[in-house]
Protein chains: 2
Amino acid sequence: MERETSYKTRKVISIGTVSELTGLSERQIRYYEERKLVFPERSERGSRKYSFLDVETLIDIANKREEGVRTEEIRSELKRKKKKDDQASRTKMIQGQLNAQFGIRKK
Amino acid sequence: MERETSYKTRKVISIGTVSELTGLSERQIRYYEERKLVFPERSERGSRKYSFLDVETLIDIANKREEGVRTEEIRSELKRKKKKDDQASRTKMIQGQLNAQFGIRKK
DNA sequence: CGTGTAAGGAATTCTGACACG
DNA sequence: CGTGTAAGGAATTCTGACACG
């Protein structure tokens, strides 16, 4: 069951556009990758590709950084949030499977 | 009331990526713009930027072309579809305004 | 630690044109 | 009509490094 990647998480935006969208320099964006805060994919020829979700994450990072939060601290916060989101998504997926099998009505 | 452009319609994808996503050559993509089938925006320095919706439109175009449909014909079909969509969107917006003003409950 | 910058190269994108038809 | 291609230039992106601190 191939889930088509959504508009929000599909990695198609190049770093220059991400820079415009976030107000961050390309240097900063690459550095946050080095510090494991964001995980762009690479195109065939090696250029970084980001999703809208990545852009939002980067905006969050920019805000935290302005408050003086260190990248290491931001990284652990993001990890916590990710874990939570993953759980929510797993729950939702299981719910979907139940609906599919037993035809539970929603709405 | 500034509507934040959605992930689907925000124009952020460059032509190389669109080419990968659609299987069309850059030449073809530019040509379809010349024939008014798609309307990319331009970045500050002039490179074309497409939305996910544009990508879907281009895939539709590719399918039609494979059937031998001429670009001019595709253009008028797209115009018809666009008119319909615009009407649906206008209806929805008015509905939203009504809800906002009179607090009509949905769900 | 976080970010700027100069460096050199490789890949991207653009436009206008010629080609075939 | 629809698409390929070679052409030349301008802008993009990449990496590794030095700098400040």
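Fair warning: this is a prediction, and the values are worked out from it, not measured in the lab. Just so we're on the same page: letters track the sequence lines, and every chain starts at 1.
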Between [options], spot the one nearest the side chain of [X], thanks.
| X | options | value |
| --- | --- | --- |
| Ser25(B) | dT15(C), dT3(D), dG4(D) | dG4(D) |
| Ile15(A) | dG2(D), dT13(C), dT13(D) | dT13(D) |
| Arg42(B) | dT3(D), dT13(D), dT15(C) | dT15(C) |
| Arg27(A) | dA17(D), dT13(C), dA17(C) | dA17(D) |
| Arg65(B) | dT3(D), dT13(C), dC14(D) | dT3(D) |

(request) Please check if any side-chain donor atom of Lys8(A) sits under 3.5 Å from a side-chain acceptor atom of Ser51(A), or the reverse. (result) no
(request) Indicate whether any N or O donor in one side chain lies under 3.5 Å from an N or O acceptor in the other, for Tyr31(A) and Arg27(A). (result)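 Result is no, nothing qualifies.
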In whole angstrom, what separates [X]'s [atom1] from [N]'s [atom2]?
| X | N | atom1 | atom2 | answer |
| --- | --- | --- | --- | --- |
| Tyr50(A) | dT12(D) | OH | C1' | 13 Å |
| Glu26(A) | dT12(D) | CD | P | 8 Å |
| Glu44(A) | dC14(D) | CD | P | 15 Å |
| Arg75(A) | dG2(C) | CZ | C1' | 16 Å |
| Leu24(A) | dT3(C) | CG | P | 8 Å |
| Glu20(B) | dT13(C) | CD | P | 9 Å |
| Glu33(B) | dG2(D) | CD | P | 16 Å |
| Ile13(A) | dT13(D) | CD1 | P | 12 Å |

(message) Both Ser47(B) and Thr71(B) contact DNA chain D. Which one's nearest nucleotide lies toward the 5' end?
(response)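 On the 5' side of the pair lies Thr71(B).
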(message) Using heavy-atom distances to pick each residue's nearest nucleotide on DNA chain D, tell me which of Lys49(B) and Gln28(B) is more 5'.
(response)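 Between the two, 5'-proximity favours Gln28(B).
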(request) Decide yes or no, distance alone: a donor-acceptor N/O pair under 3.5 angstrom between the base of dT12(C) and the side-chain of Arg45(A). (result)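 Under the 3.5 Å cut-off, the side chain and the base do not form any donor-acceptor pair.
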Indicate whether OP1 or OP2 belonging to [N] is found under 4.0 Å from a side-chain N or O atom of [X].
| X | N | result |
| --- | --- | --- |
| Arg30(B) | dC14(C) | yes |
| Ser14(A) | dT12(C) | no |
| Tyr31(A) | dG2(C) | yes |
| Tyr32(A) | dT3(C) | yes |
| Arg48(B) | dT15(C) | yes |
| Arg35(A) | dG2(C) | yes |

(request) Test Lys64(B) against Glu77(B) for side chain to side chain contact (heavy atoms under 4.5 Å, CB included), laying out the working first. (result) CA-CA 10 Å; Lys64(B) 291 289 181 186; Glu77(B) 287 176 22; 3.3 Å; yes
(request) Write down the partner of dG2(D) under the Watson-Crick or G-U wobble criteria, each distance required to be under 3.5 Å. (result) dC20(C)
(message) Need the pair for dA10(D). Rule: Watson-Crick or G-U wobble, both distances under 3.5 Å, any strand; none if unpaired.
(response)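 Matched dA10(D) with dT12(C) under the 3.5 Å cut-off.
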(message) Would you say that more than 12 heavy atoms from the other residues, nucleotides or ligands in this model lie under 6.0 Å from the NZ of Lys49(B), or not?
(response)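 Yes, enclosed.
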(message) Check this for me, if you would: do Glu26(A) and Arg30(A) make a salt bridge, where the nitrogen-to-carboxylate-oxygen distance has to be below 4.0 angstrom?
(response)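 Judged by the 4.0 Å cut-off on N to carboxylate O distance, Glu26(A) and Arg30(A) do form a salt bridge.
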(message) Under 4.0 Å, heavy atoms only, any strand: does Glu72(B) hit a base, just the sugar-phosphate, or nothing?
(response)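 Nothing, no nucleic acid heavy atom in range.
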(message) Among Lys82(B), Lys84(B), Arg90(B), exactly one meets side-chain hydrogen bond (donor to acceptor under 3.5 Å, both in side chains) together with Asp86(B). Which residue is that?
(response)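 Only one of Lys82(B), Lys84(B), Arg90(B) forms a side-chain hydrogen bond (donor to acceptor under 3.5 Å, both in side chains) with Asp86(B), namely Lys82(B).
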